[in-house]
Every structure is written in C-alpha cells, then in structure tokens.
Amino acid sequence: HTDFTPLKHNTDLTLVRVCLHTGKSHQIRSVLSFLGYPVLADPKYVTGDDRYAMRNTYYRNLYHLHGQQLLAYAYRFPNETEGYLSYLSGKVFRSVVPEDFAAVVSGEFCNKGDCNAVMEIPRA
C-alpha cells in the first residue's frame, strides 16, 4: 500500500511525496515507472519512451546528477509502536537532503517559495 501526493509540478517534472505503508524493495520506482512517471535519473526503471530519455538526459546534465532522485526524507514510527521500540512511538527522523536533490528542488520548484516547507512531513 503506497500513497502518492503531488506537491509541485512544472512542464516536465513533478515533486511527489510518497508514503510507503507496506511494500518491497524498488516498489516506489517500479510503480511510478509503470504509471508513466519514472523517477528522475533512475538507471534501473528507464522506459523506452524517447521523450523521457531526452528529458532525463537534459536534467542529468543540467544538475550533474549521478543517480536516481528519490530521497528517503523522513521515517515516522507509528504512534502504536510497542515492545522494545515503544520509546520511538510517534517519532520522526529526517535525513539530510543531498546537494543534487536540493539543487533540482530549488531550481525547478522553489523559485518563489520555501523549499523546506514544500518537503515538510505532514502530521499523522
């Protein structure tokens, strides 16, 4: 079970918040690619669509990207966490945003806004 929430978009790109409730490795990447919205600079799930390949190459070169632009920005422990991990119940851990990811978000979506607010994690 995965929730996708578009946050911002431009002509070519969409910044999406993904909440992975259950799933397996590569689920986000494979599902988005299957739906026609591949992750920017993803070397594994590249479609045969020439338009995507051209856009992907353009943005890889523009922002000097070396890998997929998919960020595990935060992890929230459920409020009902019990047992040995109960002390983590409801806590949220955020990662540092890599420079290349921040450059894409700033350059494409935050010309007139606060990028940190765009990526803020909603409350449960």
Side-chain angles (χ1 to χ4, degrees):
H1 175 230
T2 307
D3 294 324
F4 299 97
T5 305
L7 301 177
K8 296 258 185 179
H9 66 88
N10 65 19
T11 305
D12 292 330
L13 303 174
T14 302
L15 181 63
V16 179
R17 176 179 292 130
V18 178
C19 184
L20 184 62
H21 299 279
T22 60
K24 301 197 181 244
S25 177
H26 303 284
Q27 176 176 329
I28 296 168
R29 295 163 64 197
S30 65
V31 169
L32 284 172
S33 182
F34 175 78
L35 293 173
Y37 302 100
V39 173
L40 181 62
D42 188 348
K44 183 174 176 90
Y45 294 97
V46 176
T47 66
D49 183 349
D50 289 333
R51 291 176 305 143
Y52 167 70
M54 287 174 48
R55 285 192 311 261
N56 195 39
T57 300
Y58 170 77
Y59 286 107
R60 285 180 69 105
N61 291 335
L62 179 64
Y63 291 105
H64 309 288
L65 305 177
H66 300 289
Q68 62 182 328
Q69 297 301 289
L70 181 64
L71 172 64
Y73 179 62
Y75 181 83
R76 174 181 298 149
F77 281 86
N79 290 330
E80 309 82 31
T81 304
E82 298 177 358
Y84 293 112
L85 299 178
S86 63
Y87 69 97
L88 295 172
S89 184
K91 293 195 185 227
V92 176
F93 294 88
R94 290 177 174 80
S95 70
V96 173
V97 178
E99 287 182 26
D100 58 349
F101 191 92
V104 173
V105 172
S106 293
E108 299 301 320
F109 303 113
C110 297
N111 296 331
K112 297 179 182 175
D114 178 6
C115 288
N116 291 326
V118 168
M119 295 176 50
E120 191 59 38
I121 307 306
R123 300 201 185 278

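Side-chain atoms are counted along with the backbone in the values below, which use heavy atoms only and exclude waters and symmetry mates. Values in this document were obtained by computation on a predicted structure and should not be read as measured data.
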Inset, instruction - Mind running side-chain contact (heavy atoms from CB on, under 4.5 Å) on N56 and L40 for me, showing each step along the way? - result: CA-CA 6 Å; N56 195 39; L40 181 62; 3.6 Å; yes
Cluster link [X] to [Y], ILVMFWY, side chain under 4.5 Å:
X: V18; Y: L35; value: yes
X: L70; Y: F93; value: no
X: L85; Y: V92; value: no

Would you give the length of the straight line joining atom [atom1] of [X] to atom [atom2] of [Y], rounded to the nearest 0.5 angstrom?
X: L88; Y: R76; atom1: CG; atom2: CZ; result: 13.5 Å
X: L15; Y: Q69; atom1: CG; atom2: CD; result: 11.0 Å
X: F101; Y: Y73; atom1: CZ; atom2: OH; result: 9.5 Å

Mark yes when over 12 heavy atoms from residues, nucleotides or ligands other than [X] sit less than 6.0 Å from its [atom1]; otherwise mark no.
X: F77; atom1: CZ; value: yes
X: Y58; atom1: OH; value: no
X: Y75; atom1: OH; value: yes

Side chain of [X], backbone of [Y]: donor and acceptor closer than 3.5 Å?
X: T22; Y: H1; value: yes
X: S95; Y: A72; value: yes
X: T81; Y: P78; value: yes
X: S33; Y: R29; value: no
X: R60; Y: A41; value: yes

Residue pair [X] / [Y], side-chain donor-acceptor N/O under 3.5 Å:
X: H64; Y: D100; value: no
X: E108; Y: Y63; value: yes
X: Y59; Y: D12; value: yes

